[in-house]
Amino acid sequence: MVRVPSETITDDAVLIGNIFVSAGSLIEKGDSICEVETSKSIVEIESPSSGYIELKCAEAQEMKNGDILAIIHDTMTFDDETPKEKEIADTAADHETMRPSFSNDAVALIKQFGLSTDIFSNRDFVRKKDVADFVGIDSAPHTMGRTTAERKEKIPANTDIIPLNPLKLAEIKNLRNGQNAITSAFVSKIRLPAFALENKSRAVFKNLRNNLTALIVLRTDRLLKKYKELNAFYHSDSIYFYKEINIGYAIDLDKGLKVVSLGNVEGNTADVINEKLIDFVRRYLQDEISIKDLQGSTFTITDVSSEDVFCFSPMINKFQSAILGISSIDEYDGSLLLSLVFDHRVTEGKKAAQFLKELKKAITEDLSKNSESGRTMDKS
Amino acid sequence: MEEKLKQVMSKVFGIELSTIHTDSSPETIEEWDSLKQVLLVIALEKEFKIKFEPKEILHLLSYRHIVTIIQDKINP
C-alpha cells in the first residue's frame, strides 16, 4: 500500500496534485505516482514496488496524513471502471485474437489523434485516461490544464468559457515544466557577413535565412556534446543527462505548435538538415505528423525568423533544460538575435553564456565562409 | 502545363499571373520564401498528381527548373 508519508509530512491533511499514472496501468518501482501538496512544499510520491496500480485518490482531493493513496497489485484483478465493449470500426478485426475493450470516450480520443489500437494491445481494457496519458494530455474535463492552485481559485464571473482543444492542452502540459524551472534568458547578436550588408537584396537575406536554421541546428548539436547540462533535465532533485542528442524543431504554421524530432544529425550536411526541415514542414501542412515524430527530443530550437520578431524568450519544454530561439534578421542592422533560455537547476549562467558565445562564433565563421551565392558549409 | 503552373504559382504567392515568367525565381518574386516553397510543392503535387522528393524540393528555385522537373515526372 502507498500512503501519504506521515514520516516526512507533518501536516494533518494534504491536497493531491497531479497524478502521473493511470488506474490499472503497470508501473515500475520508483515511478512517480502523484504529487501531494503540503503547507510547505509539493512532495512527489514514488511507487515502492512494481505492479498494477489501483488508485485510491483523485486530483484535487484532500486526504489525511497516512491515508492510502494507492495499492500495488501483482495482477490486474481488482475492480475498476467498467468499460463498454466497443470495437474500433475502421481497424481490421481479427476475431480469433484477444483484443482490448475500449470505452466510448477512449475510442473517440483514439480516432481524434489517429492512433493505432495496437498501442494498447497489452491491456485488457482502455479508458479515455489511458489514451490521454499516452498522448500527454489531461483527460478529466474539470481539471484539464489547471494546476492544483488554479482549481482552488475563485473564477471571475461574467466570462465566456471556451474549452481548449486537445492539441493546445498537450502543449500546455509539455510547457508546464517550464513554470517549475528557474530560468534565465541570455541573448546573443550575430552579425551577418559583409557581402550581405553590402548587397541588402531580399534574395540575399532570404537565402541566408533559409540556410541559417540548418547551420544553427548542426552547430548546436555539436556544442551539446560539450555542454551536456543543456541536453538534460531536472527531476526530483536529480539531473538526468540524455545519452543521445536529438534536437527538436518547433513548427507553428497555424495548425498548432508541434515540436518535431530531427533525430541524430551528426555527420549531416546543412543540405540534409534543410531537406529534413522541409519534409517536416510539408508533412505538418498536410496533417501527416505522427506521434513518433513528436517524441524523443532532448533540446529544442524555435525559429520565428519569418514573423518579424526582434527578440523573444521561448519556454522550455518538458524533460528538457534549455531552448534556443532564432529571431528575425534585422535588415537595417544586418544582424539577428539568438535567445537561450535555460534552467538554473541544471546549469549555471556562465556555462550557458559560454555555450551561446561558442555558438555565435561558429555560426559567424560559417556565414563568412559563404560565397555570395549563399552556399552553406558542406560538412558539419 | 505551363499555364497550370503559372496559375498555381499565382495562387500560392498571391501575385498577378502576368508577373510570372520564365526568369521567375525567389530573386524576382519577393513572396517566394522557404515556407511558400513548401506550399508551392504541395499545390503542384496536387495539381499534377506527382510527388517531389525532399532533395528535389530544396532545388526548385526557378520557374525554368520547376518546368523541367514537372515535365520529367509527367513524361518519364
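Residue numbers begin at 1 in each chain, while the letters A, B, ... track the order of the sequences.
Residues of residues 296-303 of chain A lying under 4.5 angstrom from chain B, judged on non-hydrogen atoms, do not exist.
With hydrogens and angles disregarded, a donor-acceptor distance shorter than 3.5 Å links the side chain of B:Asp33 to the backbone of B:Lys36.
When heavy atoms are compared at a cutoff of 4.5 Å, A:Leu277 does not approach chain B at all.
Within 6.0 Å of NZ on A:Lys225 lie more than 12 heavy atoms contributed by other residues, nucleotides or ligands.
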Would you mind writing out the side-chain donor-acceptor pairs for residues 14-23 of chain B within the sub-3.5 Å range, not counting sequence neighbours?
| residue | atom | partner | partner atom | Å |
| --- | --- | --- | --- | --- |
| B:Thr19 | OG1 | B:Glu16 | O | 2.6 |
| B:His21 | ND1 | B:Asp23 | N | 3.2 |
| B:Asp23 | OD1 | B:Arg64 | NH2 | 2.3 |

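Residues in residues 66-76 of chain B take part in these side chain to side chain donor-acceptor pair (under 3.5 Å) pairs, two or more places apart or across chains: B:Glu56-B:Lys73. Residue pairs meeting the salt bridge (Lys or Arg N to Asp or Glu O under 4.0 Å) criterion with at least one partner in residues 273-282 of chain A, sequence neighbours excluded, are A:Glu275-B:Lys55, A:Asp279-A:Arg282, A:Asp279-A:Arg283, A:Arg282-B:Glu45.
For the pair A:Asp366 and A:Arg219, the salt-bridge criterion is met [side-chain N within less than 4.0 Å of a carboxylate O].
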